[in-house]
Amino acid sequence: MLALLSTLVFAAAATFALGAGFVTFRGRRGQIAGLIADYRSLQRDREFLIHVTSHEPVAPRAFAAPQLRRTARRLVTRTEAAQVVRSRAVA
């Protein structure tokens with residue numbers, strides 16, 4: 001009997017909650033429609049900005065990022081490398 005009474009109380013509470021939600025949403029319908037319209041407008045603005053900024057001309061590489069000139073390095077011979085190692089070992 002207690003289980004049946006508890007079930008009825010929970011069912012009544014759930015029905016009341018759904019009814020209150022329905023009444024609230026019905027009263028706020030204009031505000032909800034305005035929020036959805038704002039969301040869609042912002043989405044269209046975002047898509048337009050992406051469209052506008054994605055169609056820019058490609059700059060030539062020489063102007064955008066010029067290649068740096070590298071100085072030629074001379075090759076170090078094995079004897080010079082050995083001398084450097086010995087001088088570091090002495091120091």
Side-chain angles (χ1 to χ4, degrees):
M1 185 69 183
L2 183 61
L4 182 62
L5 182 63
S6 301
T7 303
L8 291 176
V9 168
F10 279 115
T15 304
F16 179 76
L18 288 174
F22 179 73
V23 169
T24 301
F25 283 124
R26 191 169 172 198
R28 303 285 185 175
R29 188 183 314 167
Q31 290 177 342
I32 293 170
L35 287 173
I36 292 172
D38 285 344
Y39 173 77
R40 290 180 180 159
S41 174
L42 289 172
Q43 183 67 27
R44 282 193 303 267
D45 289 347
R46 236 180 271 121
E47 290 172 0
F48 173 74
L49 289 174
I50 290 171
H51 177 74
V52 168
T53 57
S54 65
H55 293 293
E56 59 187 46
V58 177
R61 178 156 173 81
F63 178 73
Q67 291 289 330
L68 298 176
R69 294 185 182 179
R70 297 181 184 248
T71 57
R73 300 172 120 185
R74 73 180 178 89
L75 296 174
V76 177
T77 61
R78 288 185 186 188
T79 56
E80 291 174 338
Q83 289 174 354
V84 169
V85 170
R86 274 185 265 145
S87 66
R88 287 185 182 167
V90 172

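With sequence neighbours left out, the side-chain contact (heavy atoms from CB on, under 4.5 Å) criterion links Gln43 to Tyr39, Arg46, Glu47.
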Kindly list each side-chain donor-acceptor pair under 3.5 angstrom involving residues 1-13, sequence neighbours excluded, with atom names and distances?
residue : atom : partner : partner atom : Å
Ser6    : OG   : Leu2    : O            : 2.9
Thr7    : OG1  : Ala3    : O            : 2.8

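Residue pairs meeting the side chain to side chain donor-acceptor pair (under 3.5 Å) criterion with at least one member in residues 19-35, sequence neighbours excluded, are Arg28-Gln31.
Grouping Ile, Leu, Val, Met, Phe, Trp and Tyr residues whose side-chain heavy atoms lie under 4.5 Å apart, directly or via other members, places Ile36 in a hydrophobic cluster with Phe25, Ile32.
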